[in-house]
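Here is the structure we will look at.
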Amino acid sequence: MGASQTALPQRVVTRFAPSPTGFLHIGGARTALFNYLFARAHGGEFRLRIEDTDRARSTEPAIAAILDGLGWLDFDIDGDIVYQFARAGRHADVAHQLLAAGHAYRCYATPAELEAMREAQRAARLPMRYDGRWRDRTDWPNDLPYVIRLKAPRDGGVTIVDLVQGPVTVANAELDDMVLLRSDGTPTYMLAVVVDDHDMAVTHVIRGDDHLNNAFRQLALIHAMAGIEPGWQAPAYAHIPLIHGADGAKLSKRHGALGVDAYRDDMGLLPEAVENYLLRLGWGHGDDEFITRAEAIGWFGLDGVGRSPARFDLKKLQSVNGHYLRLADDARLVALISPRLVTGLARNIDAADHDILQRSMAELKKRANNLNDLADSAHFLLRSRPIPVDAAAMKLLALAPQGLLALARAEFAALALWSAPALEAAARSMADTLAVKLGQVAQPLRAAVTGAAQSPGLFDVMAILGRDEILGRIDDAQTLMEGQLP
RNA sequence: GGUCCCUUCGUCUAGCGGUCUAGGACGUCGCCCUUUCACGGCGAAAACACGGGUUCGAUUCCCGUAGGGAUCACCA
């Protein structure tokens, strides 16, 4: 079957190689995660290479977004970041070495000519491949531009023992002679990756399975170089399936192909939740659902990665996030929602607000699955009086037992100790006095105190907000209800 | 269309020839807890794409069919 791969190298080096033409999307984040985990699991290096050879589409902001995203996810990068464009000279050198050694050749076919060739192949229903028309020619028109193409083997086949896909064989006849160096002297992606991976001593190429077909061509290039420069050998490959949208189609913006910044800022997710979700997407460890970074490093293996594309499920992501939210440190969550509250409140968070948030957080975080909902649910705590009362709460107030608010105001004002248990005891005794269930007392009070029909434990909220504020809010509700009377 | 890859509940998955009356999670529904909403607990419905083999025995192995995906640039 021709070329095969060498045994597993001792020292592991993986790399994440995004092209900076947009944000770091969720699929890229998963590829980065797998590379990161694999490197750490083997005590190896995780490197970053920015594939910026497409000068027209590569941007500085995109590079910043990628770095920002990786930082947020806390994937520490080893060594210097490699910028591919800066290595164009080295790439061209390799192409010329190949040319000199007879492993590559000049092709003078014009783009128009190639297009015509493909058109003819399309019409004849033949596979569309470069036909090798300049492969053996030497009658070069020296004043015309040419590209350098790899003189790939035509017989036999190549087998890649992919760490995820298993052995995959392709006949060399299926592959054509790819362009290495463009007519303007710049390297193509195919050349650049191979040279960079070699020069960076990458041992394991873990990437999306959209690159699987490329791997065969890249292997041909590596084998050609192996005969010229010592030390060239094929890396191990692992092509992981792409993530699909909820409808099974390619992931689009509509269902989650967003930058990780959107997951952080717009959706209010925690990085550890995104990481855990991404890890479990296409990979599993028994029945384990929540896996720490340390466990992931201990357990992760390429052989456990599924071979079929997984669908992206936002509901589950939210649920996983809710789990991590409940686990998260209260102070951290207060810090995370504060900016969101500032926007909603149109004022800054002061020390008193901070204290209220900190004391409420343990209860608040049980009721939210993301930072946005968490901030929303904390909003009522910090609002200045009179707080807005929503429709459901209005209804509760309207249905309140006669004289409840006035009674409650008096009882609470007279309370010796302002604590949750004392407040609850007072409310229970009021219910007895009025001969109603506790709920008929608590619900209208909740409406008055929180402006909503649902909230964290009423008496905890009251204890945290303090007597003055609560009495004030009850007064406001009474005023409000008086205004509602016909 | 050629080539390559894939196929367990709606979704993510466990399963690596008998332990499967197919397990877990999200979602859905019901019950419990309870001052509301959550959290938490308990429970229910829900899958081995289809057809052939191989085997004493297939969800697990092989081959077809169907369906899905990837890729076929002087883009990465």
Side-chain angles (χ1 to χ4, degrees), chain A residues 17-21 51-54 56-58 84 107 109-111 114-115 118 121-122 125-130 145-149 162 164-166 168-171 173-176 178-184 186-190 192-193 208-214 216 239 241-242 244 246 248-250 277 280-290 303 306-320 322 326 363-369 377 392-393 396 424 427-428 431 437-447 450 452-459:
Chain A
S19 57
T21 54
E51 308 219 316
D52 55 353
T53 53
D54 186 337
R57 295 198 299 149
S58 298
Q84 193 160 60
C107 170
T110 63
L114 293 174
E115 186 43 50
R118 278 190 285 269
Q121 289 168 337
R122 197 173 4 246
R125 317 192 94 203
L126 290 168
M128 289 182 287
R129 284 193 281 268
Y130 174 69
Y146 62 90
V147 300
I148 295 180
R149 307 187 91 112
D162 192 278
V164 167
Q165 305 290 338
V168 183
T169 302
V170 162
E174 297 295 330
L175 277 19
D176 59 7
M178 63 179 171
V179 173
L180 264 20
L181 212 59
R182 300 188 187 102
S183 53
D184 65 359
T186 60
T188 60
Y189 161 77
M190 289 290 186
V193 228
D209 72 0
D210 51 332
H211 288 285
L212 180 56
N213 294 277
N214 291 335
F216 295 95
H239 290 93
L242 267 18
H244 284 192
K250 196 171 174 180
Y277 176 73
R280 286 283 292 98
L281 199 60
W283 179 85
H285 182 265
D287 284 340
D288 295 308
E289 294 290 340
F290 301 110
D303 53 338
R307 278 184 273 186
S308 53
R311 298 186 188 202
F312 191 77
D313 183 355
L314 241 100
K315 283 252 185 69
K316 183 141 185 177
L317 211 206
Q318 289 281 352
S319 161
V320 171
R326 262 149 246 137
E363 282 303 305
L364 251 23
K365 68 185 181 185
K366 287 199 288 203
R367 293 165 172 77
N369 279 337
S377 75
L396 288 173
E424 178 166 356
R428 285 189 188 277
K437 286 185 177 177
L438 180 57
Q440 287 178 270
V441 168
Q443 282 300 85
L445 283 175
R446 183 191 314 284
T450 71
Q454 302 122 34
S455 78
L458 175 62
F459 307 113

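Naming convention: chains lettered A, B, ... in sequence-line order (proteins, then strands); numbering from 1 in each chain. Note that the coordinates shown come from a computational prediction; the quantities given were computed from them, not determined experimentally.
- Considering only side-chain atoms of Lys315(A), the nucleotide from rU36(B), rC26(B), rA76(B) that sits closest is rC26(B).
- Backbone-only engagement by Val179(A) is indicated by non-hydrogen atom pairs under 4.0 Å involving sugar-phosphate atoms exclusively.
- Scanning atom types as modelled, no donor and acceptor separated by under 3.5 angstrom connect the side chain of Arg326(A) and the base of rC39(B).
- Atoms CG and CG, from Asn213(A) and Leu175(A) in turn, are 8.5 Å apart once rounded to the nearest 0.5 Å.
- Put simply, the side chain of Arg446(A) and the base of rU35(B) share a donor and an acceptor less than 3.5 Å apart.
- In this structure, Ser319(A) reaches the sugar-phosphate backbone alone: every heavy-atom distance under 4.0 Å involves primed, P, OP1 or OP2 atoms, never a base.
- Using a 4.0 Å heavy-atom distance criterion, His211(A) is classed as a base contact.
- Contact annotation: side chain of Ser183(A) to base of rC74(B), donor-acceptor pair present below 3.5 Å.
- Among the atoms of the strands shown, none is found under 4.0 Å from any heavy atom of Met178(A).
- Contact annotation for Ala310(A): backbone-only contact, meaning every heavy-atom pair under 4.0 Å involves sugar-phosphate atoms and none involves a base.
- Residue Arg428(A) places at least one side-chain N or O closer than 4.0 Å to OP1 or OP2 of rU35(B).
- In this structure, Arg118(A) reaches the rC74(B) phosphate: one of its side-chain N or O atoms is under 4.0 Å from OP1 or OP2.
- The shortest heavy-atom contact between Ala453(A) and Ala392(A) is CB-CB, 3.8 Å.
- Comparing Asp209(A) and Glu51(A) along RNA chain B, the residue whose closest nucleotide (by nearest heavy atom) sits nearer the 5' end is Asp209(A).
- Nearest nucleotide to the Val168(A) side chain, out of rG24(B), rG69(B), rC4(B): rC4(B).
- Within the nucleic acid shown, Ser377(A) has no heavy atom closer than 4.0 Å to any nucleic acid atom.
- At a threshold of 4.0 angstrom between heavy atoms, the contacts of Asp184(A) with the nucleic acid are absent.
- For the pair Leu242(A) and Met190(A), nearest-nucleotide mapping onto RNA chain B gives the more 5' position to Leu242(A).
- Using a 4.0 Å heavy-atom cutoff across all strands shown, Tyr277(A) reaches no nucleic acid atom at all.
- Atom-to-atom distance recorded for Ser19(A):OG and Gln84(A):CD is 9.5 Å, nearest 0.5 angstrom.
- For Ser308(A), taking side-chain heavy atoms from C-beta onward, the closest of the listed nucleotides rC6(B), rA25(B), rC4(B) is rC6(B).
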